[in-house]
Every structure is written in C-alpha cells, then in structure tokens.
Amino acid sequence: MRRFLPVLSITIAAFFAYSTALAKDVAERSLAAQAKELVEVFVLLGAFVTVAMIVAALVATSTFRIVFAQRMRELALLRAVGATRGRLARGLVVEGALAGLLASVAGVALAAGAGQLVPLAGLVAPGFPLTPALAVVSGSFVLTTLAVLAPAWSAAKVSPLEALRTSAVQDAQSRIGVPRWVLGVLMAGGAGWLLVSVAIDGLADGRRPSGMIEDLLLRTTISGALTFGALITLGPALITPVLRLFGFLLRRSTIGTLAVSGVGGAPRRAASVTAVVAVGVSLVIATLTGANTLQGLGKAEMASAYPAELEITGPVDPAALTAAGLTNVLPYRRTEITVDGTLTMRATDLDMTGLSDLGDFRVDSGALADMGPRKLILSTSTATRLGLTAGSAVDVNGVRMTVAATLFGEIPLGSALLHSSDAEGAIVGALADGAKERVPAGFEVESLAERRQVQENGFTSLVVIAVGLLFLTILIAVVGVGSTTALSVLERTRESGLLRAIGLPRKGLGLLITTEAALYGTVGAVMGLAIGVPYAWLAIVALGVEWPLQVPVVAIGVVVLVLTALTAGAGLLPARRAARVSPVAALHSIQ
C-alpha cells in the first residue's frame, strides 16, 4: 500500500487532464459550429491542468522521499549485502516509474469511464481520443520518473550502518547545506529583484506600449516560479520558526503543543508538504484577489456603459417620460470638447449623483461633491494621459476650467463630465428605470440592463471555472497531506503506544493526528497567503489595471477554513489507524 501512496496525486491529475481532452471532444461533437469559439477556453483549461500536473509531481516527490525513508532499514541491509548505490538508485527509479505508469493509466481509464456519463446531461458521448490518452500517460510517466529521481538518489546514499537505527532519525534534521542555502538565497534574491522591477516599470507609466504587458507578465511569472523554488529549497530551515509561532498560539492546549512537536519533528517532510499546499493556496488566493479587483473595475465600467435600465434618445421630454411611469429619469446633453487644444472627446452634463449604481464608482482624486460651474470630471486614464489630477487647471474649448475629480475606470456615456451650466445644446437623451413598453412613441430606446447582465454573468462564470480548476491543485495537495500523515503514523507507532500508555485516550490520540494534518494545511495556507496577495497585486500592476487592489477577506477566510477542514479530514483515516493500536503492541513494535 505504501508504494501506491506517492502516485495517487498523479492518478488524480491524469484523470482531470484526460477529462479536459474528453470535454473538448464533446464540444467538437455537440457544438461543431461554436467549436472555434471554445479554443481559448480549452487553452485556459490546459494551463490549469499543467499547473495541477506540476503540483502532483511535487506531491509525488515529497511522498517518495517519505516512503524511502520508511524503508531505510531495508535499503541499508541491501547495501550491507553488496548492492551498490547506482544499482539501488536505479531499482528505486524503476519502481517509481512503473507505479507512475500504472497511476496514469488508471487516471485515463477513470476519465474515459466518467465520460460515458455525459449523455445523462443531454450531450453526445465522447469518443476515445487516442492521441491525448497517449500524451497524458506518457507525460504522467515522465513526470513521475523525474519526481522519483532525487528521492531515489538520496535514499541510495544510505550507509549500511543505518540498518541499526530507526527510520525516525532520517527526517529529523532541519539544517541544510551551504550549496542549498546559496541556491535558495539566489532564487529569493532573483524573485525580489524581478518583483521590484515590475512594480517600478508598471507604476511608472499607466500607458502600455506594444509588448510591455507581455514583458511585465513574463517577469511576474518568473519571479513567482523563483519564489516557489526558494520556498522549497529553504523550506526545512524556514519551517521551524513558523512552527514556533503556531506553538506560541497553541501553547495552552496539550493536543496543540503535541501536534506542533509532531510536525516539527520531521522538518524536511513538513516543509515539502506545506510548500505544495502553499502553491495551491497562493494560486487560488491570487486568482480570487485579482478577480475581485477586476470585478470592482468591471462594475464601474458596467455602471459607466449601462448606467440605467434604459437609455432613451430623441425629442426627449423628461416630464413626458415621468408621466409615462418611468422612474429616476436623468436627462443629459452630449457635446464635443477639446482639452488643452490637443485631445478631443465626448462629454455630457449627466448628474452622476442621481445614478443608482453610484457606489460602484471609485474616486481616484478629488470628490464628486466638488463638481460645479467651470469644473469637469475625467477618468484616471485620461487625466494621466494629459498629466492632470484633481485641482489642475485645464483649457476646455477655450474656457479655463478646473478638474473637480478623477475616476477609476470610465466616465458614464462619454469621456468627461461637465456641469449643466457649461454644456451646450438641447437635451438629447435620458436614462430611466422601467419597462420598454412604458416609453412613449417617437423615442429610440436601448435596453442597457439586459446587456449588462450578459456581461456580468460571463465574467462570473469565468471566475468560477478558474477557481474550480485551481482547487484541483489544493485537492492534490490534500492527498499529499493524507499520505504524509499516514506514513507518519506508521513511523511513530512506538510514540503513539507510549502516549496511550501514559493515559492519552483513543479519541485524544485521534484528535492529535487530525490536528497535525490540519496544521500542515494551516501553515501552507499562511505561506500561500503571504505569496498570493503580493503577486495578485503585481499582476494587476503588470496589466495596467487602473483600480486599487481589493482583497476579498471573506473569500480568503473561507478558503483557509475549507483547506484546514480538508487537511484535517485527510488525517481521519490515519488517526483511526493510530487509535486502534494497543499500547502493548506499539511498545513491542520494532518500527
């Protein structure tokens, strides 16, 4: 059973990878006319599956290391009877590769079987795309082989004298060598340098020349990869101080204190598992933070583009519209203005304070209340382009005016807002809430509410899909926590027996094991939070999004709580196993 634990994550990743290929096949069979429009969606799915496969490989590496540590006495005996390091390493690699092959085949088979349930949803059943199946199997096989290389070579260096020691000693050291320190510091330094460079270049100019966004995003991605590399490299040295903090918080609880000691007793193992959890959590948190920020900008842009249910143009008579039963009728005049003799734009005299969605807008500088005669309101992008801010004097059609405020996003119905006393021309339009049927004859009516709802639903669906796919990485990380906890229970049979012998009840021992599992998730979540939010901000800067970062505190809290519950649940079966061991049998164990 131990030999199959490292590749459970590979099975899950292969299942979802081939499920994506089957979903594409279903789309091509059922929606042939729209298949081309779905290409970008499946490219996005492929990117998330790639991330999941990488996380699965990290989980497999961590678990292989633990499994080999469990078999250290066996490996030492093989060395004692004449097995060379190279031969031992090759045997372990072959063993891991074969297990990975079985796992990938199992994942593809499960996905193919699940695909036959598609007709229940009213869609055409997928075929069996052979090329994607072979690609998933071969890719998973290669990933598993690469994942087992380092643990196999490390385990093959075991001394024959290790046969006289217990396996618990193998993972009890938190010290790392000088080369690893140097590599980790270099990775952290490179990540920090790239982070600062993106922040400086991205904040220096709101405009994005051709290729700049791609360059900034590439640097952000490389910086994130280096950050995770540094976390994995320096993890054993960093995990101890982090656990001390948790030990301080849990010092009043005996179970909590024992759980911190249990996790800290194997710092390399804890670092590997928490790093994998941190990868998944940081991706989810960064996505939620970025989506929340973009959603804030999107709401402002929706409120600008669709500020009411109806836009009415023609011989607009506000009194006639009100008499017809329409509510919140806001008349406006539209005109063309030239700012500083260089930039021509459309302006209106719409009174923003009458908009029902006023709360969706975000003021960058100044205040909407400062609006008055000889004043105007501009978007932040326009103001930046002209080098203006709130309080700046500006020439508008030969008249000296002052910028009252600047807004993130767009200006409703145009690029600037004027005071009614400065607008020219007759009333050309109005915004109103109500049914189209109530608009009197002779008016042109456009339903803004329907178009806005379609736009908002599309964005929400995309975010839900992205977060759902990223939760796949967390699921794989939870599998890693479960396998780590299970192997830890096997390794610490004597310790469990001793705790039972001195009076810890079965429920208490089970609670201890589940607390340790939850601690892996909580520590990983804290690390992921520390990484995810800054990189979400960095991505927003790289994209040139003119909207302040909005961290979804409630959503992040839910993610942390769900992750803690999932990792605690992953420890339930190992906890039951530990609780069933009798104190006498455990104390006689040679584990």
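The analysis underlying the following values was restricted to heavy atoms, covering all of them including side chains, and did not include hydrogens, waters or symmetry mates. None of these values were measured; they are calculated from a predicted model.
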Pairwise distance [atom1]([X]) to [atom2]([Y]) - rounded to 0.5 angstrom:
| X | Y | atom1 | atom2 | answer |
| --- | --- | --- | --- | --- |
| Thr515 | Ile255 | OG1 | CD1 | 6.5 Å |
| Leu245 | Thr240 | CG | OG1 | 13.0 Å |
| Arg506 | Leu511 | CZ | CG | 16.0 Å |
| Leu407 | Asp364 | CG | CG | 8.5 Å |
| Leu573 | Ile513 | CG | CD1 | 12.5 Å |
| Leu561 | Thr522 | CG | OG1 | 9.0 Å |

Answer whether the closest heavy-atom distance between the side chains of [X] and [Y] falls below 4.5 Å.
| X | Y | answer |
| --- | --- | --- |
| Leu101 | Ser104 | yes |
| Val242 | Met527 | yes |
| Leu243 | Leu519 | yes |
| Leu102 | Leu98 | no |
| Gln550 | Arg362 | yes |
| Asn292 | Val551 | no |
| Val523 | Val526 | no |
| Ile556 | Thr289 | yes |

Check [X] against [Y] and note the closest heavy-atom contact, atom names and distance.
| X | Y | answer |
| --- | --- | --- |
| Ala525 | Leu563 | CB-CD2, 3.8 Å |
| Ile239 | Ala270 | CG1-CB, 4.0 Å |
| Gly190 | Leu226 | C-CD1, 3.9 Å |
| Ala188 | Ala230 | N-CB, 3.8 Å |
| Ala271 | Gly235 | CB-C, 3.3 Å |
| Ala555 | Leu288 | CB-CD1, 4.3 Å |

Under the side chain to side chain contact (heavy atoms under 4.5 Å, CB included) rule, collect the residues that match up with [X], sequence neighbours excluded.
| X | answer |
| --- | --- |
| Ala286 | Ala536 |
| Val182 | Val178, Leu186 |
| Val562 | Val558, Leu566 |
| Leu234 | Ile176, Trp181, Leu238 |

**Request:** From the options Ile222, Leu216, Leu218, select the one residue that forms a side chain to side chain contact (heavy atoms under 4.5 Å, CB included) with Val198.
**Result:**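 Going through the options one by one, the only one that passes is Leu216.
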**Prompt:** Checking side chain to side chain contact (heavy atoms under 4.5 Å, CB included) against Tyr520, which of Thr567, Thr485, Val277 comes through?
**Reply:** Thr485
**Prompt:** Is a side-chain donor or acceptor of Arg180 paired with a backbone partner of Thr233 at a separation under 3.5 angstrom?
**Reply:**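 Judged by distance alone, yes, a pair lies under 3.5 Å.
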**Request:** Could you give me the CA-CA distance, side-chain angles and deciding distance for Val281 and Leu529, then say whether side-chain contact (heavy atoms from CB on, under 4.5 Å) is met?
**Result:** CA-CA 7 Å; Val281 172; Leu529 180 62; 5.6 Å; no
**Message:** Taking salt bridge (Lys or Arg N to Asp or Glu O under 4.0 Å) as the definition, give me every residue that meets it alongside Arg219, ordered by chain and number, with sequence neighbours left out.
**Reply:**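 If we apply the salt bridge (Lys or Arg N to Asp or Glu O under 4.0 Å) test to Arg219, skipping adjacent residues, the hits are Asp201, Asp215.
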**Prompt:** Which pairs count as side chain to side chain donor-acceptor pair (under 3.5 Å) when at least one residue sits in residues 524-545, sequence neighbours excluded?
**Reply:** Ser223-Tyr535, Thr227-Tyr535
